[in-house]
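Comments concern the structure below.
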Amino acid sequence: MTDRTPVIAGNWKMNTDVESGTKLAEEILALSASASGVEKIVCPPFISLTSISQVLAGSSVRVGAQNVSANGNGAFTGEVSTSMLNGLVSHAIVGHSERRAMNGETSADVASKAIAAVDAGLVAILCVGEDLGVRKTGEAAAFVSAQLEESLAGFSQWDSLIIAYEPVWAIGTGEAATSDQAQEMTAVCRDVVRKLAPDAADSVRVLYGGSVNSGNISELLTQPDIDGALVGGASLKADEFSKLIAAASSN
Ligand code: 13P
């Protein structure tokens, strides 16, 4: 048994506009504000952060960014710095596989972003995960272990880290990893932390992400190294997301 508080985080990706996103946040708040023993986080698009941070201010639902620049303010067109997020978010996702694949982010880039986020007082939600090709070679554990270690280069603020294991082949496919597969790989992630910072390994939260829904969350949460979920599609429906929160809650 551990005393790690579970986390249910919603990554809205490039969905919702200011109006619909604000409404979604209001609905999630209404359904889930009272769930206890679980950290609840929504990560809307940047354009909605001002509005949604006001809706959720003072509540038990935290707000996260989906990405952040590693650079301070300056000539970086289209980017968002940590200081611009000040007062709007408490968390920032870094290294999501979609950004690694579509925006060319390397693990070195992700390490810089994670450090920038925690230096600004945010909690970094650092994503790793193998694609189907890697899984088929049987090298998923070695791949994710190396990817995480590279993504944590120079990192030292272990209290401000959440890791999300998100196999690319399970994201948005409706084909979640089995709880055994997810357990094996979240344990691999924890072992990386044990190697880099032994004292932090038992307290760092490691989430699973990839086609999580109300039908599979409970079994995933029974696994000893799975401390919650990073959720895409199912986080866009308030009732479904609230079911995930309820499954992780100690109420
Ligand atoms: P889905 O839950 O839609 O598979 O997305 C997972 C994800 O990428 C969360 O960051």
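The model shown is predicted, which means the values in this text are computed figures rather than measured ones. Side chains included, hydrogens not; waters and symmetry mates left out as well; all remaining heavy atoms used. Start at 1 and go down the list; that is how both ligands and their atoms are numbered.
- A salt bridge links Lys23 to Glu27: one of the charged nitrogens lies within less than 4.0 Å of a carboxylate oxygen.
- A salt bridge links Arg190 with Asp227; the closest basic N to acidic carboxylate O contact falls under 4.0 Å.
- At the top of the distance list for atom 2 (O) of ligand 1, counting protein heavy atoms only, stands Gly232 N, 2.8 Å.
- A salt bridge does not link Glu39 with Arg62: every distance from a Lys NZ or Arg NE/NH1/NH2 to an Asp or Glu carboxylate oxygen is 4.0 Å or more.
- With respect to atom 9 (C) of ligand 1, the closest heavy atom belonging to the protein is Glu166 OE2, 2.9 Å.
- Not a single heavy atom of Gly174 sits less than 4.0 Å from an atom of ligand 1.
- Less than 4.0 angstrom separates some heavy atom of Leu230 from each of these atoms of ligand 1: 9 (C), 10 (O).
- In the model, Ser179 has a side-chain atom that pairs as donor or acceptor with a side-chain atom of Glu219 under 3.5 Å.
- The side chain to side chain contact (heavy atoms under 4.5 Å, CB included) test with Thr50 singles out one residue from Leu88, Thr22, Val18, and that residue is Leu88.
- Where the criterion is an N or O separation shorter than 3.5 Å, residue side chain and backbone included, Lys13 meets it with respect to ligand 1.
- In this structure, Gly209 has no heavy atom closer than 4.0 Å to ligand 1.
- For Asn103, the CG atom counts as densely surrounded, since its 6.0 Å shell holds more than 12 non-hydrogen atoms of other residues, nucleotides or ligands.
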**OP:** Take Glu105 and Arg100 through the salt bridge (Lys or Arg N to Asp or Glu O under 4.0 Å) test and state the conclusion after the steps.
**Re:** CA-CA 4 Å; Glu105 289 188 10; Arg100 291 178 186 263; over 6 Å; no
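- Checking side-chain atoms of Asp119 against main-chain N and O of Ala116 turns up no donor-acceptor pair under 3.5 Å.
- Every atom of ligand 1 with a heavy atom of Asn11 under 4.0 Å away is listed here by number and element: 9 (C), 10 (O).
- Residue Ala170 approaches ligand 1 through these ligand atoms, each under 4.0 Å from one of its heavy atoms: 4 (O).
- In terms of polar-atom proximity, Gly172 is counted as a contact of ligand 1, with an N or O under 3.5 Å from an N or O of the ligand.
- Of the polar atoms of Gly233, at least one N or O is found under 3.5 Å from an N or O of ligand 1, judged by distance alone.
- Annotation: Gly210 places no N or O atom under 3.5 Å from an N or O atom of ligand 1; distance criterion only.
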